[in-house]
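Comments concern the structure below.
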2 protein chains.
Amino acid sequence: MKKTTIPSPRRRSALSREHIVAAAIELLDDHGESGLTFQALSKRLATGPGAIYWHVADKSDLLAAACDAVISPLFHRLSADATPREAIHAASGMLFDTIDSHPWVGSVLTSLPGRMPMVRVLECLGQQVTALGVSPNDQWTHVSTLLMYILGVAGQNAANAKLAMEMKLDRSAFLDDVSLAWSKFPEEDYPFTRRMAERVRTHDDREDFLTGVDLIVRGALPTART
Amino acid sequence: MKKTTIPSPRRRSALSREHIVAAAIELLDDHGESGLTFQALSKRLATGPGAIYWHVADKSDLLAAACDAVISPLFHRLSADATPREAIHAASGMLFDTIDSHPWVGSVLTSLPGRMPMVRVLECLGQQVTALGVSPNDQWTHVSTLLMYILGVAGQNAANAKLAMEMKLDRSAFLDDVSLAWSKFPEEDYPFTRRMAERVRTHDDREDFLTGVDLIVRGALPTART
DNA sequence: ACCTGAACACCGTTCAAGT
DNA sequence: ACCTGAACACCGTTCAAGT
């Protein structure tokens with residue numbers, strides 16, 4: 001909701017990749033994924049669209065850079081003295097918080113399989129799952145299960161935010177909408193969906209997410225070590 | 001790789017929602033997500049772009065209809081006489097196969113949170129998890145964990161296919177590319193990614209996916225019943 | 001009721017021309 | 001080396017006009 005209506009105070013600073021990425025992040029945060037256009041971006045930076053292409057290859061390069069700029073600082077903040085389970089929990093929580101406050105990160109992250117912002121998440125999870133004592137043979141399966149789950153939640157978060165913005169609703173009004181739709185499905189064919197209509201309106205996204213992470217970690221290591 | 005170069009054999013048939021959706025699916029299958037444009041679609045249907053809007057609200061409506069047309073038949077093919085675990089396994093396998101042969105489904109599915117194609121998956125999983133004997137309090141968590149995992153894999157599949165198509169590589173060449181990139185990360189900071197470089201090139205996507213499903217189901221129900 | 005197709009607003013990207 | 005801004009190709013969507 002912050003408007004950040006800066007008319008044109010960045011005359012002095014020469015255009016740089018960092019400035020461009022920072023401005024892109026502001027646009028994405030304020031107006032959603034559709035808010036980032038080279039038109040809007042060049043206006044905010046007081047240049048022409050062509051200037052941006054000197055510092056950035058294309059739009060997907062810009063999105064990747066914006067995503068990485070938001071995500072990479074997270075992994076410097078992880079305390080080293082924690083059990084693997086705690087570390088996974090902490091990293092997941094931080095990831096959720098940034099995806100929650102920058103919903104576009106969820107969809108950009110998914111769109112870069114095996115590339116830089118995502119590999120940071122992979123590596124972090126991989127090291128902790130290894131430290132958990134999972135046998136080398138199972139490490140890939142367990143880490144990628146965890147990663148796919150996180151990407152799924154991230155993508156849903158992005159989709160929710162995008163739809164809510166299009167419908168000009170806030171998050172809770174949007175969930176009310178979903179809840180109402182679920183309560184109208186025929187009881188006969190959709191008993192489960194019907195039963196969950198109330199739940200979806202009142203649940204805590206963050207808590208649900210972390211419970212899912214724990215559930216997967218528990219499945220990965222039947223011999224629990226707290 | 002099927003070209004399906006039908007010049008214009010559909011003169012007779014009056015335009016209908018079903019025809020439009022079927023043509024849209026063909027375009028998506030043959031040329032990927034970017035292949036579906038109202039321009040290309042109206043050319044294939046031998047009409048103007050405006051005609052399509054009489055039967056379809058807008059592009060997202062069209063995508064939702066195409067996605068649902070591909071997904072909904074799946075859930076009529078589930079045999080009733082199976083244990084919950086088998087049913088979840090079977091449904092997941094079918095879902096994977098359709099997402100694998102129609103990669104765009106992965107991204108469209110994610111973009112419709114709580115809406116029609118996705119609710120079918122939710123309901124199917126929900127009924128089986130309920131039959132599994134999970135307590136009412138835990139049903140939401142376990143089902144949504146499973147669903148988010150499936151959506152994560154679906155999204156990655158779509159992203160892989162999209163990138164591979166842009167780079168004009170087939171799937172295995174694309175994975176070779178990722179594998180090579182992973183093998184070049186600095187050993188010091190990315191030991192796990194490095195170790196998995198070979199794995200990512202040779203793994204079986206479908207098998208990994210189903211192993212992940214089992215892992216989550218196992219976590220959901222510590223008291224295994226086969 | 002259903003279709004036509006030109007027109008509109010907007011997008012990512014390019015490139016000759018400037019400094 | 002870096003920036004300018006007009007131009008290009010293409011997109012989703014609209015709408016007056018037809019049948």
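Protein chains get the first letters and strands the later ones, always in sequence-line order, with residue 1 at the start of each.
Among residues two or more places apart in sequence or in another chain, the side-chain contact (heavy atoms from CB on, under 4.5 Å) test is passed with E123(B) by Y190(A), P191(A), F192(A), T193(A), Q127(B). For D170(B), the salt bridge (Lys or Arg N to Asp or Glu O under 4.0 Å) criterion is met by no residue, not counting sequence neighbours. With sequence neighbours excluded, no residue satisfies salt bridge (Lys or Arg N to Asp or Glu O under 4.0 Å) with D58(A). Every residue two or more places apart in sequence or in another chain that forms a side-chain contact (heavy atoms from CB on, under 4.5 Å) with R201(B) is listed here: D176(B), S179(B), E198(B). Every residue two or more places apart in sequence or in another chain that forms a side-chain contact (heavy atoms from CB on, under 4.5 Å) with A65(A) is listed here: R17(A), V21(A). Residues that satisfy the salt bridge (Lys or Arg N to Asp or Glu O under 4.0 Å) test with E187(B), not counting sequence neighbours, are R194(B). Every residue two or more places apart in sequence or in another chain that forms a salt bridge (Lys or Arg N to Asp or Glu O under 4.0 Å) with R120(B) is listed here: D68(B).
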N/O donor to acceptor pairs below 3.5 angstrom from side-chain atoms of residues 47-56 of chain B, sequence neighbours left out:
none

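Toward the 5' end of DNA chain C, the nearer of the two residues L36(A) and G50(A), judged by each one's closest nucleotide, is L36(A).
Within the structure, ring-ring contact (aromatic ring centres under 6.0 Å, His included) contacts touching residues 139-167 of chain A (residues at least two apart or in different chains) are W140(A)-H203(B), Y149(A)-F209(A).
A heavy-atom distance below 4.0 Å to DNA chain C is reached by these residues of residues 55-69 of chain A, ordered by number: D58(A), K59(A).
A pairwise comparison of heavy atoms in V200(A) and L175(A) identifies O-CD1, 3.8 Å as the closest pair.
Heavy-atom contacts of chain B under 4.0 Å fall on DNA chain C between two terminal nucleotides, which in 5' to 3' order are dA1(C) to dG5(C).
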Worksheet item: Could you write out DNA chain D as a dot-bracket string, with dots for unpaired bases, | for bases paired across to another strand, and Watson-Crick or G-U pairs counted at under 3.5 Å?
Response: ||.|||||...|||||.||
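The residue L41(A) sits apart from the nucleic acid: no heavy atom pair falls under 4.0 Å. Counting any heavy atom pair closer than 4.0 Å across all strands shown, I52(A) reaches no nucleic acid atom.
Taking atom P on both dC2(D) and dA17(C), the two are 22 Å apart, rounded to the nearest angstrom.
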